[in-house]
Amino acid sequence: MELTTTVLDPDLDALLDTIPCTARRPRTVVDLPGGLTNRNVKVTNGDGTCVVRIPAGGKSLLGIDRDVEHANSLAAAQAGVGAPVLHYRPGEGLVVGFLPGKPLSDADLHRPDVLHRVAAACRKLHSGPRFVNDFDMFEVQARYRRIVAEHGFRLPKRYDEFAPIVDRIREALGPRTDTVPCNNDLLAENMIDDGEQVRIIDYEYSGNNDPCFELGNIWSEATLPLPLLDELVTAYYGRPRPRQVARARLFALMSQYGWTLWAAIQDGSSPIDFDFWSWGMEKYDRAVATFDGPDLEDLLEAATRPE
């Protein structure tokens, strides 16, 4: 859902005047909802419609590299799954074409036909040009943990207690081979569905990664029931793959565990008015349920079982 037409502040108005595809007047500017590390505005004028992504103010501790985001957005567009990149200015924003369609919701992902389009979009992205960087949630989680310690940010109870289990998960998942270009942050809202195909937007956390991280993260972010992870993995691989389902569940656990610290960092440092702590604790509670639950040993064994 779009918000009402934006009343332009002078800085934004001046910025739009300097971007070739937004400079033409008259133009309408609409703030798009969401965006916890960007301001996203939809601009329409005689040259068409585009989306301007402006980094949030203040110093970010998250390590987002906007040059990498730009390069990987170009690669995703080349793969036919990302929006076309129209303009980029380091430090001031990225401009992409507006994609027709509907941003998905968690509820949409309960529909098998939508999941199959999502799987097809992931395959297209994953078979496209390699990204310019790698993404490893184990390394990201360790870096976020150092930042939390260095700045004295809040840490959920028992968080470090699970470190030995994380080591076992890393061992069970094995060495990083056959990585593919992944978005790594596939909230439902980062997927645009026009009824025939799904397109993928927002490449802030993109990088070459294990495809099972992408699938497990989709499942986790939308809090889907387990049978729908089987559905997604089967649609992605073209046949049932029990070992890959187990790997996706372990990657989903690492996703929850790692993004919890993302929320802790944002809670302690972001100027944005959002309850990052509650957002992160929802993920952490689900991670703890799996760490403490009866299925973890079976998942570790299944992830190493030959198919």
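- At least one test fails for R239 against the ring of Y237: distance under 6.0 Å to the centre or angle within 45° of the axis.
- The closest donor-acceptor contact from the side chain of R27 to the backbone of T22 lies under 3.5 Å.
- Using a 4.5 Å heavy-atom cutoff, the side chains of L173 and I169 are in contact.
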*Show your reasoning for whether salt bridge (Lys or Arg N to Asp or Glu O under 4.0 Å) applies to D47 and R24.*
CA-CA 7 Å; D47 292 328; R24 185 173 176 180; 3.0 Å; yes

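- Counting all heavy atoms, side chain and backbone alike, S105 lies closest to A188 at C-CB, 3.5 Å.
- Side chain of R53 to main chain of V41: no donor-acceptor pair is present (N/O by atom type, distance under 3.5 Å, no hydrogens or angles).
- When all heavy atoms of N133 and S206 are compared, the pair lying nearest together is ND2-O, 3.0 Å.
- Between F276 and F274, the two ring planes are perpendicular [angle over 60°; tilted spans 30° to 60°].
- Inter-residue side-chain proximity for E231 and T234 is flagged as unmet; no heavy-atom pair is nearer than 4.5 Å.
- Applying the side-chain contact (heavy atoms from CB on, under 4.5 Å) test between Y203 and each of N190, V68, L125 identifies L125 as the sole match.
- Other residues, nucleotides and ligands contribute over 12 non-hydrogen atoms within 6.0 Å of the CD atom of E301.
- Salt-bridge formation is not detected for the pair R249/D230: no Lys NZ or Arg NE/NH1/NH2 atom is positioned less than 4.0 Å from an Asp or Glu carboxylate oxygen.
- Between R123 and E214, none of the side-chain N atoms (NZ, or NE/NH1/NH2) sits under 4.0 Å from a carboxylate O, so this pair counts as no salt bridge.
- Contact check for L261 versus L155: side-chain heavy atoms found under the 4.5 Å cut-off.
- Counting heavy atoms of neighbouring residues, nucleotides and ligands inside a 6.0 Å radius, atom CD of E307 exceeds 12 of them.
- Applying the side-chain contact (heavy atoms from CB on, under 4.5 Å) test between I218 and each of L187, L186, N183, D185 identifies L186 as the sole match.
- Residues L16 and V29 form a side-chain contact, since some pair of their non-hydrogen atoms from C-beta on lies under 4.5 Å apart.
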_Would H87 and V52 count as a side chain to side chain contact (heavy atoms under 4.5 Å, CB included) here? Give the steps._
CA-CA 9 Å; H87 184 77; V52 182; over 6 Å; no

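- Residues in residues 105-131 take part in these ring-ring contact (aromatic ring centres under 6.0 Å, His included) pairs, two or more places apart or across chains: H126-Y236.
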_Show, in sequence, the C-alpha distance, side-chain angles and deciding distance for N209 and R176, and conclude whether the side chain to side chain donor-acceptor pair (under 3.5 Å) test is met._
CA-CA 8 Å; N209 197 1; R176 287 170 53 81; 3.1 Å; yes

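- A donor and an acceptor atom, one from each side chain of T44 and T49, are located under 3.5 Å apart.
- Under a 4.0 Å N-O distance rule, the pair D108/K102 qualifies as a salt bridge.
- Taking the side chain as every heavy atom from C-beta outward, D298 and L296 never approach each other to under 4.5 Å.
- Nearest heavy atom pair, residue V95 against residue C50, reads CG1-SG, 3.7 Å.
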*asked:* Run the salt bridge (Lys or Arg N to Asp or Glu O under 4.0 Å) test on R117 and D194 for me, step by step, so that the C-alpha distance in whole Å, both residues' side-chain angles and the decisive distance to 0.1 Å come before the verdict.
replied: CA-CA 10 Å; R117 289 199 291 276; D194 66 7; over 6 Å; no

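- Annotation: W259 is not in aromatic contact with Y284 [ring centroid separation under 6.0 Å not met].
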*Would you please test R243 and T304 for side chain to side chain donor-acceptor pair (under 3.5 Å) and show each step?*
CA-CA 7 Å; R243 178 171 177 262; T304 62; over 6 Å; no

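- Here the shortest heavy-atom pairing between C21 and L86 reads SG-CB, 4.1 Å.
- Taking each heavy atom of Y205 and I64 in turn, the nearest pair found is OH-CD1, 3.4 Å.
- The two residues V288 and R158 come nearest to each other via the heavy atoms CG1-NH1, 3.8 Å.
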